[in-house]
Amino acid sequence: QVQVVESAGGSVQAGGSLRISCAASGGTSTIHSMAWFRQVPGKEREFVAAIRFSGRNIVYSDFAKGRFTIASGNMKNTVSLEMNTLTVEDTAVYYCAAASRRVVLSGLHLRSQYDYWGRGAQVTVSS
């Protein structure tokens with residue numbers, strides 16, 4: 001069984017930066033894509049960014065473009081999310097997800113495409 005584990009989140013002041021990372025390990029499935037989603041209490045989990053390892057395709061949500069950067073790590077099935085110019089609205093639990101199926105580009109933002117999920121990392125931005 002694949003396990004997805006995020007690094008610890010953190011707290012930062014508005015305007016600051018934070019980097020979180022994630023690793024998917026175990027099981028026999030090939031991981032084709034990994035993504036970050038985030039969720040605040042009372043709201044649905046929303047897409048942040050995704051990377052498809054074959055072709056190194058990357059997709060961002062509108063709010064992440066220009067501020068967040070997703071990248072694959074040196075080790076297999078690892079990704080990081082570099083977040084810059086953070087605002088209080090970015091406060092959320094950030095979840096890492098991994099897909100064992102081949103996801104088309106247009107589907108990378110869909111929660112349903114991901115089989116494995118981490119437990120989340122709390123990111124808090126204060127004003």
Side-chain angles (χ1 to χ4, degrees):
Q1 180 74 2
V2 174
Q3 288 189 322
V4 177
V5 179
E6 300 98 344
S7 62
S11 298
V12 64
Q13 287 194 322
S17 299
L18 198 64
R19 181 179 179 274
I20 53 178
S21 59
C22 169
S25 62
T28 57
S29 302
T30 298
I31 301 300
H32 294 280
S33 303
M34 294 183 73
W36 290 96
F37 290 76
R38 70 183 189 183
Q39 189 170 22
V40 297
K43 291 191 174 182
E44 287 195 357
R45 193 169 297 187
E46 65 175 350
F47 172 73
V48 179
I51 184 168
R52 193 167 67 175
F53 294 128
S54 63
R56 294 188 178 272
N57 305 109
I58 289 175
V59 177
Y60 292 102
S61 63
D62 287 343
F63 68 78
K65 287 177 185 175
R67 296 192 304 130
F68 293 7
T69 302
I70 187 172
S72 58
N74 291 328
M75 296 188 67
K76 189 177 180 181
N77 299 337
T78 61
V79 292
S80 63
L81 184 69
E82 179 79 27
M83 301 178 284
N84 299 309
T85 321
L86 286 161
T87 71
V88 293
E89 287 74 28
D90 294 314
T91 295
V93 177
Y94 284 71
Y95 294 91
C96 182
S100 61
R101 71 193 75 183
R102 297 186 186 275
V103 182
V104 296
L105 269 178
S106 60
L108 283 172
H109 68 289
L110 298 174
R111 287 176 292 172
S112 60
Q113 298 300 305
Y114 297 91
D115 312 280
Y116 309 103
W117 292 81
R119 293 188 175 184
Q122 176 69 49
V123 171
T124 303
V125 184
S126 58
S127 58

>> Give me the atom names and distance for the closest heavy-atom approach of Asp115 to Ser100.
In response: OD2-N, 2.6 Å
> Atom CZ in Arg111, atom CD in Glu46: separation rounded to 0.5 Å?
Replying inline: 10.0 Å
> Taking all atoms of both residues into account, what is the closest heavy-atom pair of Arg52 and Ser33, and its distance?
Replying inline: CG-OG, 3.3 Å
>> If we ignore hydrogens and angles and just use 3.5 Å, is the side chain of Ser17 paired with the main-chain N or O of Asn84 as donor and acceptor?
In response: no
> Under a single-linkage rule joining Ile, Leu, Val, Met, Phe, Trp and Tyr whose side-chain heavy atoms are separated by less than 4.5 Å, which residues share a cluster with Tyr114?
Replying inline: Phe37, Phe47, Val59, Val93, Tyr95, Val103, Leu105, Leu108, Trp117
> Considering all heavy atoms of both residues, which atom of Val4 and which atom of Ala24 are nearest to each other, and what is their separation?
Replying inline: CG2-CB, 4.2 Å
>> Tell me whether Ser21 contacts the main-chain N or O of Ser7 through its side chain, where contact means a donor paired with an acceptor under 3.5 Å.
In response: no
> So with a 6.0 Å cut-off around CD of Gln122, is the heavy-atom count from everything else above 12?
Replying inline: yes
>> Test side-chain contact (heavy atoms from CB on, under 4.5 Å) on Met83 and Val123; report intermediate values, then the result.
In response: CA-CA 10 Å; Met83 301 178 284; Val123 171; 4.0 Å; yes
>> If I take atom CD from residue Gln1 and atom OG1 from residue Thr28, how far apart are they, to the nearest 0.5 angstrom?
In response: 9.5 Å
>> Tell me the closest heavy-atom pair linking Val79 and Cys96, and the distance in Å.
In response: CG2-SG, 4.1 Å
> Quick one: OG on Ser72 to CD1 on Ile58, what's the gap to the nearest 0.5 Å?
Replying inline: 7.5 Å
> Looking at NZ of Lys76 and CD1 of Ile31, how far apart are the two atoms once the value is rounded to the nearest 0.5 Å?
Replying inline: 9.0 Å
>> Is there a side-chain contact (heavy atoms from CB on, under 4.5 Å) between His32 and Thr30? Walk through the geometry before answering.
In response: CA-CA 6 Å; His32 294 280; Thr30 298; 3.9 Å; yes
> Got a donor-acceptor contact below 3.5 angstrom from the Arg67 side chain to the Thr85 backbone?
Replying inline: yes
> Of all heavy-atom pairs between Leu81 and Val48, which one has the smallest distance, and what is that distance?
Replying inline: CD2-CG1, 4.1 Å
>> For Thr69, is there any backbone N or O sitting under 3.5 Å from a side-chain donor or acceptor partner on Glu82?
In response: no
>> Can you tell me how the ring of Phe68 sits relative to the ring of Tyr94, calling it parallel under 30°, perpendicular over 60° and tilted otherwise?
In response: tilted
> If you draw a 6.0 Å radius around CZ in Arg101, do more than 12 non-hydrogen atoms from other residues or ligands fall strictly inside?
Replying inline: yes
> Looking at Thr78 and Met75, what are the two nearest heavy atoms and their distance?
Replying inline: OG1-O, 2.6 Å
>> How long is the straight-line distance from CE of Met34 back to CD1 of Ile70, given to the nearest 0.5 Å?
In response: 8.0 Å
> Do any N or O atoms from the side chain of Glu6 and from the backbone of Arg119 form a donor-acceptor pair under 3.5 angstrom?
Replying inline: yes
>> Has Tyr116 got a side-chain atom pairing as donor or acceptor with Ser25's backbone, closer than 3.5 angstrom?
In response: no
